[in-house]
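One structure is given here, and the rest of the page talks about it.
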Amino acid sequence: MIDQIKTKAKELLKTKKVDIVIGYKKASDRIGAIPAFIDKEGDIDKLIWDGYCVYNLSNYLKDFPGKKIGIVTKGCDAKSMTVLLQENQLKREDIFIIGIECSGIVDEKRKGGDIAYDERCKGCKPATPPIYDVLIKEEEKKQAPRLEQDPYESVRKLETKSIEEKFKFWQDEFSRCIRCYACRQICPLCYCPRCVAEQTQPAWFSKAVSVEGNFSWNVNRAMHLAGRCIDCGECERACPAGIPLRDINKKIEKDVKELFSYEAGVDTEQKPLFSSFDKNDPEDFIK
Amino acid sequence: MQRLITKQDLVNKLTELLKDFEVVGPKELSNKGIFYQVIEDAKELYLGQDFAIEPIKKFFLEPSSWILRHAKDDVSLESFPQSDKKRIVIGARPCEAKGLALLDKLFDSEYKDDFYINNRKRTIVVGLACAKPDMSCFCTSMQGSPAETSGMDALIFESGDGFIIELVTDKAKHILGSIGEDIKEDQKLNKDKMKALVKKVIKTPESLDKVFESDYWDEVSRPCISCGVCTFLCPTCHCFDLVDEEKKRMRCYDGCSFPDFTLEASGVNPRPTKKERYRQRVFHKFDYFKKNFGENLCVGCGRCIRHCPVKIDIADIVDKAPI
Amino acid sequence: MSEWEPKIVGFLCNWCSYAGADLAGTSRLEYPPNIRIIRLPCSGRVNPLFILKCLSNGADGVLISGCHIGDCHYSEGNFYARRRFAVLKKLLEYLGIDPRRFQMSWVSASEGDKWARLVTELVEEIKQAGPNKDFVRKND
């Protein structure tokens with residue numbers, strides 16, 4: 001499989017079809033992976049592919065304006081590119097998607113070192129990217145265990161709690177937030193040139209690490225991703241404090257599906273959720 | 001001075017100290033990891049070998065703290081009152097305590113930072129020696145070791161079922177000197193042996209001047225996503241921002257990896273790309289600070305490597321810098 | 001200490017709800033004075049951040065009011081608002097903010113009586129919810 005990726009990358013660079021190939025290479029610890037940016041044919045042998053290639057590389061597309069980019073892409077990563085295309089943040093002709101039929105990635109935070117598939121892979125249905133220019137398939141079928149479980153199980157569990165319990169739960173979780181903004185920076189869809197968190201006039205929420213500041217930041221982040229988040233799970237992985245951010249994103253994903261039958265990242269022609277409406281949108285909450 | 005103590009001795013002593021002291025120590029939160037928190041019951045304390053995610057720094061240089069406010073007359077300004085409650089920090093690692101020793105050089109030298117100094121003065125730091133450094137640890141390359149005592153008042157070592165406690169300062173001897181029993185000569189620890197536990201060893205150049213303009217920084221900073229994990233979790237990073245909110249002034253952590261860290265009011269940003277920003281982080285730690293204070297501003301705790309969302313390894317980057 | 005009275009912020013669209021509130025006034029209808037009105041061009045102008053800022057700065061409740069569907073001065077502003085706040089309302093509830101604290105209504109320029117009734121009910125509900133203590137900037 002990695003040979004096919006290398007061959008394709010070599011061909012793309014040789015024919016000058018792309019200026020740079022974004023993929024994965026071994027990290028310094030010799031186990032994990034780190035994003036690789038290959039612009040010379042000689043470096044192609046650094047490329048790797050295994051379960052530790054966890055990052056959503058589409059986050060780096062904005063770093064190379066005006067360049068043609070070849071990018072190694074898992075199923076979920078391609079969905080975020082779909083959203084970027086919807087929102088005119090990318091030109092389709094500028095990117096060459098080396099799609100990978102992903103067989104699931106490793107849960108890095110899991111202790112003990114045994115290889116386990118990440119929580120986020122369990123609900124993932126299309127392992128095949130929705131958009132690609134070339135598709136590279138896994139030779140043996142060693143797909144991640146696709147559990148038949150409800151993808152919204154943890155959301156539903158929380159929903160049934162009382163208001164006080166919910167507040168207590170989230171207050172505990174958010175109290176560990178250190179406002180490092182790793183959740184924002186790792187997100188391929190958080191591309192605003194200036195985030196509201198950095199605005200000072202007006203300062204929309206307190207910069208202090210406090211109940212109010214942390215709460216507002218996390219609500220705001222989630223709202224900005226409503227109908228856009230494709231659940232690649234990178235925010236939760238990046239969070240050093242272990243806040244279950246996916247439970248917030250998935251809550252919105254679930255609501256949006258139920259209320260508006262809308263799903264993010266499936267079609268490049270689809271209009272963004274909040275830039276469109278339906279005359280019959282539910283309004284039972286309005287007096 | 002070393003003494004032998006049992007786990008029960010320690011718990012009893014802490015329970016006693018809880019009356020007069022605020023006790024801070026590592027707590028294990030299920031599925032989240034280890035966090036330093038204020039302890040209300042000595043039994044909550046986690047004294048295992050896993051590392052806390054945030055360093056102990058946050059109790060000395062707080063993530064955000066109020067420093068100034070309008071006085072009652074609404075015209076003049078006054079300092080925020082500071083707590084003088086006595087504190088005892090237990091379970092801090094040698095690298096984190098060494099971080100405090102480095103911060104002392106900065107905040108308690110020519111420039112005196114009242115808030116930091118107050119927090120330092122009211123606290124006794126009791127460390128816990130590392131028996132299991134992980135593969136990101138490189139303290140021995142930063143003049144530290146798993147049993148280093150700089151920045152600490154006392155250090156405890158795991159030893160069989162109990163601990164050996166080494167009392168470094170008079171403050172610690174006064175408070176903790178009464179527990180346990182004297183240690184026999186043959187039970188004393190061989191600290192040099194512990195150094196060998198740290199497997200990651202790097203070399204740091206005397207000066208990085210020559211490589212300032214190198215393309216190397218462009219290459220190594222590319223994976224960086226400009227978040228604040230490395231700076232916020234670093235035991236020595238100390239840059240802060242001042243923010244005015246509702247007639248009060250606050251200082252909160254800031255980091256050189258953020259794009260708007262050096263953004264000027266005119267709109268000019270002297271460090272416009274990741275290259276300049278990442279280089280700044282490396283230079284501050286391994287060049288500028290060394291020139292000013294004679295030591296690297298890094299303790300080799302490995303937090304920035306362990307928690308970097310994209311696995312950037314600063315030790316590896318410094319080690320391989322094309323000097 | 002006198003009995004606690006809730007503070008409510010109302011974001012009203014210029015064309016319908018604001019005029020409706022005005023009509024309630026000129027018709028001399030009585031309703032509790034707990035609401036502070038901010039006039040906006042359209043309910044579609046309201047950003048979720050406005051709600052968070054109000055709640056964190058001590059408001060006990062927030063109301064967004066706009067034109068009935070189909071009546072928007074800008075044709076579609078309230079359609080967008082409806083989608084946006086359907087999501088926010090559910091999210092806030094999920095995160096433990098009392099759903100009574102954030103409400104939405106359609107009040108036309110001729111519905112002065114509806115406005116007066118709505119605010120009366122709203123104040124009553126928020127009185128039951130009690131003061132907003134959890135999610136407020138602490139002042140020390």
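Sequence lines set the chain letters: A, B, ... in the order given, protein chains first and strands last, and positions in each chain run from 1. Everything numeric in this text was worked out from a predicted model, so none of it was measured.
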### Task
Quick one: which of B:G255, B:S64, B:S65 has the most heavy-atom pairs under 4.5 Å with chain A, could you say?
B:S64

#### Entry: Interface moiety of B:K58 toward chain A, non-hydrogen atoms closer than 4.5 Å
neither

### Query
Do we get B:K57 above B:Y253's six-membered ring, with its NZ or CZ under 6.0 Å from the centre and within 45° of the axis?
yes

### Proximity of residues 57-67 of chain A to chain B, residues having a non-hydrogen atom under 4.5 angstrom
A:N59, A:Y60, A:D63, A:F64

### Top of A:C183, A:A182, A:G32 for chain B proximity - count of heavy-atom pairs under 4.5 angstrom
A:A182

### Proximal component of B:V310, with respect to chain A [non-hydrogen, under 4.5 Å]
both

### Query
Is the NZ or CZ atom of B:R69 both under 6.0 Å from the centre of the six-membered ring of B:F80 and within 45° of that ring's axis?
yes

## Note on the structure
Interatomic distance, CD@A:Q185 vs CD1@B:I225, rounded to 0.5 Å, equals 6.5 Å

#### Entry: Mutual orientation of the aromatic rings belonging to B:F107 and B:Y116 [parallel < 30°, tilted 30-60°, perpendicular > 60°]
tilted

### Query
Tell me, side chain or backbone of A:E173 under 4.5 Å from chain B's heavy atoms, or both, or neither?
side chain

### Summary
So, the part of B:I317 with a heavy atom under 4.5 Å from chain A: the answer is neither

### Distance in Å, B:K200 NZ paired with B:S136 OG, rounded so as to fall on 0.5 Å steps
6.0 Å

### B:L233 versus chain A, the contacting section by heavy-atom distance below 4.5 Å
side chain

### Message
Does any backbone or side-chain atom of A:N56 lie under 4.5 Å from a heavy atom of chain B? Answer side chain, backbone, both or neither.
### Response
neither

### Task
Report yes or no: is the cationic atom of A:R156 (NZ for Lys, CZ for Arg) under 6.0 Å from the centre of the six-membered ring of A:Y152, at an angle within 45° of the ring normal?
no

### Query
Does the cation-pi check pass for A:K161 over A:F169, that is, NZ or CZ under 6.0 Å from the six-membered ring centre and within 45° of its axis?
yes

### Query
What is the distance from atom CD1 of A:I97 to atom OG1 of A:T73, rounded to the nearest 0.5 Å?
5.5 Å

### Summary
The interface call for A:Y55 against chain B, heavy-atom contacts under 4.5 Å, is side chain

### Message
For the interface with chain A, which of B:C230, B:P259, B:G228, B:P309 has the highest count of heavy-atom pairs at distances below 4.5 Å?
### Response
B:P309

### Task
Pick one of side chain, backbone, both or neither for A:A27, based on which atoms fall under 4.5 Å of a heavy atom in chain B.
side chain

### Message
A cation-pi test, strictly: NZ or CZ of B:R87 under 6.0 Å from the centre of the six-membered ring of B:F60 and no more than 45 degrees from its axis. Yes or no?
### Response
yes

### Query
Does B:F35 have A:R176 sitting over its ring (NZ/CZ under 6.0 Å from centre, angle to axis within 45°)?
yes

### Query
Do B:E96 and B:Y36 have side-chain N/O donor and acceptor atoms under 3.5 Å apart?
yes

### Task
Would you mind checking which part of B:E54 comes under 4.5 Å of any heavy atom in chain A, side chain (CB onward), backbone (N, CA, C, O), both or neither?
side chain

### Message
Need one label for A:A36: side chain, backbone, both or neither, based on atoms under 4.5 Å from any heavy atom in chain B.
### Response
neither

### Query
Would A:S28 and B:D316 count as a side-chain hydrogen bond (donor to acceptor under 3.5 Å, both in side chains) if you check the C-alpha gap in whole Å, the side-chain angles of each, and the deciding distance to 0.1 Å?
CA-CA 7 Å; A:S28 64; B:D316 194 50; 4.7 Å; no

### Message
Both conditions, 6.0 Å and 45 degrees, for the charged tip of B:K275 above the ring of B:W217: are they met here?
### Response
no

### Query
Side chain, backbone, both or neither: which part of B:D244 has a heavy atom under 4.5 Å from chain A?
neither

